[in-house]
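Written out below as structure tokens is the structure these notes cover.
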Amino acid sequence: MTVIEAGPSRSFPSHPSALGEVRQHIRDRASEDGFSQSQIEELVLAVSEACTNAILHSGTDRVTVRWTVSGDCAEIRISDAGRFRVRVRMPEIEGVGGHGIPLMTALSDRIEITKGTSRRPGTTVLLVKCRHSE
Amino acid sequence: MDLLRVEPAGPREFRLVGEVDVSNSEDLYRILEGATASDGDITLDCERLTFMASAGLQVLVRLARNLAGRGDVILRSTPAHLREVLRLTGVDRLANLEVRGDPPP
């Protein structure tokens with residue numbers, strides 16, 4: 001797998017087989033930056049879900065994960081070059097699925113989604129997780 | 001499936017070793033689906049399950065639905081991180097899914 005190092009950003013192929021490597025990257029960064037074991041598990045799951053959405057829905061071939069720390073909080077930006085196409089699912093109609101965004105919300109202190117559109121492609125999901133929040 | 005190994009651990013019992021995400025959740029479902037064709041509980045030993053994404057939770061829900069009225073899906077030695085996700089998503093409230101945290105005897 002080709003991994004492009006660009007400061008705090010890492011780029012991964014937009015393919016489900018890259019998810020294991022994304023999670024290892026987050027585990028490494030979060031433990032280096034002093035997050036507790038349970039916070040690391042939560043961060044890993046939140047970022048994995050965000051990358052899964054990008055991989056399944058954005059229609060682009062790379063997803064970029066940028067990890068920065070601001071004060072007590074990690075800010076993780078998951079970006080693709082595509083259009084935001086996650087739908088609002090109705091479990092009554094479509095059965096199981098659509099847990100990703102609610103999970104990311106529950107596991108993070110703050111979440112922001114900047115949607116890529118056909119005129120302005122490029123979706124970024126920002127997940128903020130703070131060390132003191134436990 | 002690089003990330004995940006599914007080991008037979010007894011009659012209607014499987015040990016999950018590794019990580020479940022969207023890259024292998026369908027394979028996992030196919031492996032376990034057969035066991036839900038006949039009546040009775042199925043047990044998944046989760047002691048060495050290090051990660052489960054929402055795609056993996058969907059597998060648990062589908063297995064439990066397959067077995068509804070005929071048996072339970074029992075998660076054994078469920079690690080704390082997984083118990084938390086099952087609680088957050090409400091999957092642990094499925095009538096025929098039982099989450100056990102205790103280590104095997």
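Note on naming: letters A, B, ... go to the chains in the order of the sequence lines (proteins, then strands), and numbering restarts at 1 for each one. Values below: every heavy atom of this structure, side chains too, minus hydrogens, waters and symmetry copies.
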Under 4.5 Å between side-chain heavy atoms, counting indirect links through other Ile/Leu/Val/Met/Phe/Trp/Tyr residues: same cluster for B:Ile31 and B:Met52 or not?
yes

To the nearest 0.5 angstrom, please state how far the NE2 atom of B:His81 sits from the CD atom of A:Gln37.
9.0 Å

Is a salt bridge present between B:Glu19 and A:Arg27, judged by a nitrogen-to-oxygen distance below 4.0 Å?
yes

Could you go through B:Val22 and A:Ile55, starting from their C-alpha distance and side-chain angles, then the distance that decides it, and tell me whether this counts as side-chain contact (heavy atoms from CB on, under 4.5 Å)?
CA-CA 10 Å; B:Val22 76; A:Ile55 287 168; 5.9 Å; no

Do you reckon A:Ile78 sits in the same ILVMFWY cluster as A:Ile111, going by side-chain contacts under 4.5 Å, direct or chained?
yes

Minimum heavy-atom separation for A:Leu45 and B:Ala53, please, with both atom names.
CD1-CA, 3.9 Å

Restricting to non-hydrogen atoms, name the atom on B:Ser23 and the atom on A:Ser17 that form the minimum distance, rounded to 0.1 Å.
CB-N, 4.3 Å

Does any backbone or side-chain atom of A:Leu103 lie under 4.5 Å from a heavy atom of chain B? Answer side chain, backbone, both or neither.
side chain

Side-chain heavy-atom pair B:Ser54, A:Glu49 within 4.5 angstrom cut-off
yes

Less than 4.5 Å apart, any side-chain heavy atom of B:Asp21 and any of A:Arg23?
yes

Cluster overlap B:Leu88 with B:Leu57, hydrophobic side-chain contacts below 4.5 Å
yes

Linking I/L/V/M/F/W/Y whenever their side-chain heavy atoms sit closer than 4.5 Å, directly or via other members, would B:Leu44 and B:Ile74 fall into one cluster?
no

Quick one: do A:Ile76 and A:Leu126 end up in the same hydrophobic cluster if we chain Ile, Leu, Val, Met, Phe, Trp and Tyr together by side-chain heavy atoms under 4.5 Å apart?
no

